[in-house]
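Notes to accompany the following structure.
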Amino acid sequence: MALIGNSFKLHQNNSLSGISRMTQSQSLRVSIHLPKVVAMMNSNTRLERNVSVSVESVVNELNAPTAVEVVDPTSKQHPTAVGGGVEDAYGEDTATDEQFDTPWSVSVASGYSLLRNPRHNKGLAFSEKERDAHYIRGLLPPVVVNQDLQVKKMMANIRQYVVPLHKYQAMMDLQEKNETLFYKLLIENVEELLPIVYTPTVGEACQKYGSIFKRPQGLFISLKDKGKIHEILKNWPEKDIQVIVVTDGERILGLGDLGCQGMGIPVGKLSLYTALGGIRPSLCLPITIDVGTNNEKLLNDEFYIGLRQKRAKGQEYAELMNEFMSAVKQRYGEKVLVQFEDFANHNAFDLLAKYSSTHLVFNDDIQGTASVVLSGLISALKLVGGSLADHKFLFLGAGEAGTGIAELIALEISKQTKVPLEETRKKVWLVDSKGLIIKSRLDSLQHFKKPWAHEHEPVKELLDAVKTIRPTVLIGSSGAGQTFTKEVIEAMSSLNKKPVILALSNPTSQSECTAEQAYNWSQGRAIFASGSPFAPVEYNGKIYVSGQSNNAYIFPGLGLGLIMSGAIHVHDDMLLAASEALAEQVTQEHLDNGLIYPPFTNIRKISAHIAAKVATKAYELG
């Protein structure tokens with residue numbers, strides 16, 4: 001028999017922390033990685049062997065020669081041998097003399113290495129017993145503190161920073177050192193820290209990602225990797241993945257093309273899947289597809305971390321994305337949720353249309369934004385009266401967010417009134433960079449704008465559109481800051497007792513108007529919500545607290561519901577169910593304060609409620 005190598009797995013009953021781990025009697029996996037054992041039974045037969053040895057033999061004899069008995073797992077004498085099984089017809093699971101699976105190396109997840117493992121490290125929270133069990137006594141100061149005190153200390157440290165980007169860096173450093181504490185901190189201080197780990201601060205982090213880059217997070221797949229994407233997915237240490245957030249960095253928030261530096265968005269989104277939706281972090285995978293960038297500033301930046309070339313498009317782009325989507329399904333199965341994030345309009349709609357019938361895919365910019373806005377409108381009706389069908393909607397911005405919201409509004413009106421979708425769309429008007437979208441522009445419109453081209457005279461300016469269309473609801477998704485001018489809001493206020501004004505563009509610098517402007521220019525009558533958070537506003541002695549139309553209300557719960565139900569496609573009715581579920585969480589007390597969204601302090605309960613409704617709808621749809 002020739003010994004080629006093997007993989008040893010050891011288990012020791014001790015306590016380790018993790019986002020989903022219990023605090024007592026946990027199992028520490030200690031692995032020694034060596035090439036596989038192959039027994040040469042004869043010239044034509046090679047069998048892979050599994051060898052188990054005890055913790056004690058590793059601890060006591062790690063540096064000594066060890067004789068290992070190799071047992072044939074297919075023999076009747078082997079304790080775990082079972083009949084049947086799938087034959088390895090292609091020999092993919094069998095090592096050979098010429099091709100080793102892993103190098104000859106030893107890795108034991110205890111001692112000093114344990115303190116460098118963010119998934120298991122607890123810092124000073126390791127108990128006296130754990131310090132002995134995991135060989136870390138002396139590697140930490142003698143004091144033992146609980147996690148509540150760790151949270152208190154970290155929040156004090158973070159609050160010392162004045163610049164939001166510095167707070168973001170402190171949070172990312174913590175995530176890379178102590179994952180459990182990171183999520184505990186975020187969960188317990190979600191309203192304060194959400195704007196730090198996500199919008200608006202994450203936008204600035206993406207802009208400066210190359211300069212602040214320390215340790216890679218997620219997978220980077222580039223044009224150089226064409227033909228090897230499935231192999232790259234195998235490089236990720238976790239085999240069981242349930243949620244992937246992927247971007248190509250072409251339209252990061254309202255900041256434009258940030259190329260490879262858009263990785264901050266998938267990382268931030270998946271942090272919220274765990275903190276707000278309770279999905280285990282090991283089941284989440286952030287990915288950036290690097291096909292170049294058209295941002296000249298980045299191409300000339302010596303610290304830029306991506307491909308230094310113009311953006312690929314057309315067939316080259318489509319082939320790479322097709323290989324990626326095929327590899328994801330092959331590696332993780334048909335039930336893995338792929339969330340497209342911050343793709344440019346032309347690719348976002350095409351990818352969603354192409355893969356929605358074959359994969360479990362979701363575009364947060366199109367569908368998530370639409371769902372959360374529709375929820376806000378459902379809540380706002382309790383303040384302004386009437387049904388959705390009684391109102392008229394005007395959008396500034398006809399990209400993926402604007403048209404996605406418009407379509408979901410029309411779908412909900414159609415569902416409520418039993419009127420055909422083609423008719424309910426006439427309740428919704430859109431303004432793009434060339435003015436009001438109307439029938440006479442049909443030939444020059446992009447395909448996703450054409451359903452919104454109605455009969456009307458040409459109108460160039462937003463103010464003129466407000467005066468002629470006379471909307472009750474004004475929604476901004478343009479990515480252009482300060483476009484809801486004083487004249488526009490005053491015109492809305494002259495037409496409506498309580499104008500509904502939603503300035504959705506992110507980050508704060510790109511918001512169509514501020515909360516202060518909306519309340520001041522409407523004499524305190526506006527029902528206002530924004531994409532990024534604004535501080536409370538005082539007007540005529542009254543405090544106005546604006547709501548935040550944040551996708552984080554929807555996507556963690558929606559994703560959890562899809563995973564729980566085992567869905568293989570995302571249906572529009574699931575998005576409507578999510579919107580209605582979120583609106584149900586708005587109480588009369590919230591409405592009395594002018595809020596059309598519930599506070600983020602209850603977000604985990606809200607996400608669970610949304611997940612249950614989405615899963616129920618999935619079962620109803622079969």
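Please read these numbers as outputs of a predicted model, since none were measured by experiment. In this chain, numbering begins with 1 at the start of the sequence shown.
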Worksheet item: Do NZ/NE/NH1/NH2 and the carboxylate oxygens of D342 and R251 come within less than 4.0 Å?
Response: yes
Fill in: From K335 atom NZ to Q242 atom CD, the distance as rounded to the nearest 0.5 Å
10.0 Å
Item to complete: Could you tell me whether K214 and D173 have a side-chain N and a carboxylate O separated by less than 4.0 Å?
Response: yes
Discussion item. Under the criterion ring pair (Phe, Tyr, Trp, His ring centres under 6.0 Å), I'd like the reasoning laid out for F362 against F555: C-alpha separation, chi angles, the key distance, then a yes or no.
Written reply: CA-CA 9 Å; F362 166 71; F555 71 80; 7.7 Å; no
Worksheet item: Between F393 and H391, how do the two ring planes meet: parallel, tilted or perpendicular, split at 30° and 60°?
Response: tilted
Fill in: K310 and E296 ion-paired at < 4.0 Å
yes
Worksheet item: Strictly by modelled atom types, are T483 and E512 linked by a side-chain donor-acceptor pair under 3.5 Å?
Response: no
Fill in: Donor-acceptor side-chain pairing of S371 and S579 below 3.5 angstrom
yes
Worksheet item: Can you list the residues that meet the ring-ring contact (aromatic ring centres under 6.0 Å, His included) rule with F182, with sequence neighbours excluded?
Response: none
Worksheet item: Counting only heavy atoms not in K415, do more than 12 sit closer than 6.0 Å to its NZ atom?
Response: yes
Worksheet item: Below 4.0 angstrom, N of the basic side chain to O of the carboxylate: do R311 and E316 qualify?
Response: no
Discussion item. Less than 4.0 angstrom from a charged side-chain N to a carboxylate O is my criterion; do K228 and E323 meet it?
Written reply: no
Worksheet item: If you measure from OG1 on T199 to CD on Q510, what distance do you get to the nearest 0.5 Å?
Response: 10.5 Å
Worksheet item: Does the side chain of E584 pick up a donor-acceptor pair with the side chain of H609 at under 3.5 Å?
Response: yes
Discussion item. Under 4.0 Å between a side-chain nitrogen and a carboxylate oxygen: does that hold for K613 and E580?
Written reply: no
Practice prompt. Using a strict cut-off of less than 4.0 Å between a Lys/Arg side-chain nitrogen and an Asp/Glu carboxylate oxygen, indicate whether R215 and E176 qualify as a salt bridge.
Written response: no
